[in-house]
Amino acid sequence: MSQADFNQSMAWLKTLAAKKREPRQPEKIMAFFAGCGLGGFVLENVVAAALVRPFPRAYVVAIYKNSPPYREFITDCNPYLHSEMKADADSDITFLLDWFDTGWAAPVKCPLPEWSERMLHEPDLVLLPSMLSVDAARLAGLAEKPPVLRLSAGCEESLLAALEGHGVDPNEWFACLHVKEPNSGADDRPRRGADPRSYLPLLRHVALRQGGQVVRIGAPGAFPLPEMEGVIDLAAAPFAEQAAAISRARYFIGTDSGPVTLASAFKVPAAVTNALGYAKRVWNRGDVVLAKRIELPDGGVLNSREAFARGLLEAPLPDGARCWDNSTDQLIAVADHMFEVTCGCDGWRPPAPETPPEEALGLTLPLPMRDQPLVVFWE
């Protein structure tokens, strides 16, 4: 080979290598959801939506274990997922990297035939739980242009009709309330809950002073509410009906638990009260965080922003520190604030419009994070 032919060949190889290195949009994306609890699972769906929507031509597949049953409902509300692969609740199937070995002698084969039938073993991008379990409020760009979960078209009409059947007036606005009770469920952090009786004056205030209805959601066996005009209790209703109520509320007030995260995912203005685990709960611009009153061992008392700045809304309190629930006056003040900032919503909230993001050619890791979220820390 002459020197000229060699130089021409090398130039061709360099050109080919450069083309292979050119960024391109992924054509198939796989999102693996494994979030613990309702809030964690909703968060993973929202972050996944934020990461895949700059690639509008990509086909997105979700993999998760279908237990508890609300997981299927949540993924059905995620408009950025095109397909699902659900393991049964009692299945031992887990997500194994070996499944992506396309060789004929791969050490572990996925036992589900649709894995290879749908070419799931050859994705361009895999989103793992560790990538999706981030603080959504600090994920750069998410609060400015948040993805929005929506009731699926197949069940929206029947769910809204069910709300009417429970007595929710379709011609009037309503607020949604959820209070996590101390020691409820399997949570081993009782300080995250609050006494539901402290919210009763708030219920009366919204119904009698603000002029709206209040829909209380919760789990079966929740604290029984006294009879109050304008208050509707859906604690015994199916999860899907409670989620539909969240999606149509004028505003949402809750404690540090999964339903407030679902409200933020529907882009319903939300307030976390009695917060001691703010991280990852709400992210939309203007969502409110009201922490419990925290007193440090040296006697100093922190407000919500100070508690966040010291990391005390994301980690256990230091030894010797104490906390107290929000006062009735604080809760009513937050409700009045939410009423004012949602002025103009005089009926059921329509699905939120979404601002489309700019297309991208690739995903950069680590994900860019902002120093401060755009939520309102109640002082």
Side-chain angles (χ1 to χ4, degrees), residues 163 167-169 172-181 192-218 222-223 225-235 242 245-278 281-293 303-305 307 313 324-349 352 374-379:
L163 292 184
V168 185
D169 189 339
E172 300 292 338
W173 67 268
F174 67 91
C176 204
L177 173 73
H178 174 260
V179 180
K180 179 180 177 62
E181 300 178 28
R192 278 182 53 194
D195 186 347
R197 291 171 295 186
S198 65
Y199 286 79
L200 295 181
L202 180 149
L203 296 178
R204 299 188 183 95
H205 180 82
V206 174
L208 299 179
R209 296 293 181 87
Q210 294 184 358
Q213 290 184 300
V214 183
V215 175
R216 193 277 288 264
I217 65 170
F223 173 77
L225 294 178
E227 290 290 334
M228 288 186 285
E229 181 181 354
V231 177
I232 299 168
D233 191 357
L234 293 188
Q242 298 190 40
I246 294 173
S247 74
R248 294 300 190 267
R250 174 167 173 166
Y251 62 85
F252 183 99
I253 292 182
T255 51
D256 170 30
S257 55
V260 73
T261 307
L262 184 56
S264 204
F266 282 131
K267 207 175 179 182
V268 172
V272 189
T273 56
N274 281 299
L276 268 186
Y278 146 77
R281 288 300 179 193
V282 292
W283 51 87
N284 293 318
R285 186 189 297 269
D287 283 352
V288 174
V289 176
L290 171 59
K292 294 195 177 192
R293 180 172 176 265
N303 61 31
S304 300
R305 179 169 292 281
L313 300 186
W324 288 269
D325 285 0
N326 300 150
S327 68
T328 295
D329 289 343
Q330 285 180 305
L331 296 175
I332 289 177
V334 168
D336 283 339
H337 169 78
M338 301 303 291
F339 177 73
E340 291 174 4
V341 298
T342 57
C343 178
C345 183
D346 298 324
W348 288 12
R349 176 172 293 280
L374 299 180
V375 300
V376 174
F377 289 99
W378 197 262
E379 301 296 343

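- Leu331 CG to Asp336 CG: the interatomic distance, rounded to the nearest 0.5 Å, is 11.5 Å.
- Distance alone, capped at 3.5 Å, places no donor-acceptor pair between the Ser304 side chain and the Glu379 backbone.
- Rounding to the nearest 0.5 angstrom, the gap separating the CD1 atom in Ile246 from the CG atom in Leu262 is 4.5 Å.
- Inter-residue side-chain proximity for Trp378 and Asn303 is flagged as unmet; no heavy-atom pair is nearer than 4.5 Å.
- Side chains of Gln213 and Asp169 form a contact here, defined as non-hydrogen atoms less than 4.5 Å apart.
- Aromatic ring orientation, Tyr251 versus Trp173: tilted (interplanar angle from 30° to 60°).
- Between the side chain of Asn326 and the main chain of Ala291, a donor-acceptor pair closer than 3.5 Å is present.
- The two residues Thr328 and Pro201 make their nearest non-hydrogen contact at CG2-CB, 3.5 Å.
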Residues Ile217, Val215; criterion side-chain contact (heavy atoms from CB on, under 4.5 Å); working and verdict: CA-CA 6 Å; Ile217 65 170; Val215 175; 4.3 Å; yes

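- Side chain to side chain, Ser264 and Asp287 meet the donor-acceptor criterion of an N or O pair below 3.5 Å.
- Minimum heavy-atom separation, Asp325 to Asp195: OD2-N, 3.4 Å.
- How far CG of Leu276 is from NZ of Lys292: 5.5 Å, rounded to the nearest 0.5 Å.
- Counting all heavy atoms, side chain and backbone alike, Arg281 lies closest to Ser257 at NH1-C, 3.6 Å.
- Side-chain contact between Asn284 and Pro269 is absent, with no heavy atoms from C-beta onward closer than 4.5 Å.
- Side-chain contact between Val282 and Thr261: absent, with no pair of heavy atoms (C-beta onward) separated by less than 4.5 Å.
- Under the salt bridge (charged side-chain N to carboxylate O under 4.0 Å, His left out) criterion, Arg248 pairs with Glu156, sequence neighbours left out.
- Between Leu313 and Val289 the shortest side-chain heavy-atom distance falls below 4.5 Å.
- Under the 3.5 Å distance criterion, the side-chain polar atoms of Gln210 are matched with a main-chain donor or acceptor of Ala335.
- Summarising the geometry, atom NE2 belonging to His337 is positioned 10.0 Å from atom CD1 belonging to Ile253; distances are rounded to the nearest 0.5 Å.
- Between Phe377 and Val288, the closest side-chain pair of non-hydrogen atoms is not below 4.5 Å.
- In this structure, the side chain of Arg250 engages the main chain of Phe339 through a donor-acceptor pair within 3.5 Å.
- Residues Val260 and Thr255 have side chains not in contact (no heavy-atom distance under 4.5 Å, counting atoms from C-beta outward).
- Without hydrogens or angle criteria, Arg293 side chain to Trp324 main chain gives no donor-acceptor distance under 3.5 Å.
- Residues Lys180 and Asp256 come closest through the heavy atom pair CD-O, 4.0 Å.
- A donor-acceptor pair under 3.5 Å is absent between the side-chain atoms of Ser247 and the main chain of Phe266, judged by distance alone.
- Scanning all heavy atoms of the two residues, the minimum distance from Arg216 to Phe223 falls at NH2-O, 2.7 Å.
- Minimum interatomic distance between Val179 and Ala194 (heavy atoms only, all atoms of both residues): CG1-O, 3.8 Å.
- At least one donor-acceptor pair closer than 3.5 Å links the side chain of Gln242 to the backbone N or O of Leu234.
- Judged by distance alone, the side chain of Thr342 and the main-chain N or O of Cys345 form no donor-acceptor pair under 3.5 Å.
- The closest side-chain heavy-atom distance from His178 to Cys176 is not below 4.5 Å.
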Chi angles and distances behind the side-chain contact (heavy atoms from CB on, under 4.5 Å) call for Tyr199, Leu177: CA-CA 9 Å; Tyr199 286 79; Leu177 173 73; 3.8 Å; yes

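- Here the CG atom belonging to Leu200 is positioned 5.0 Å from the CE atom belonging to Met228, to the nearest 0.5 angstrom.
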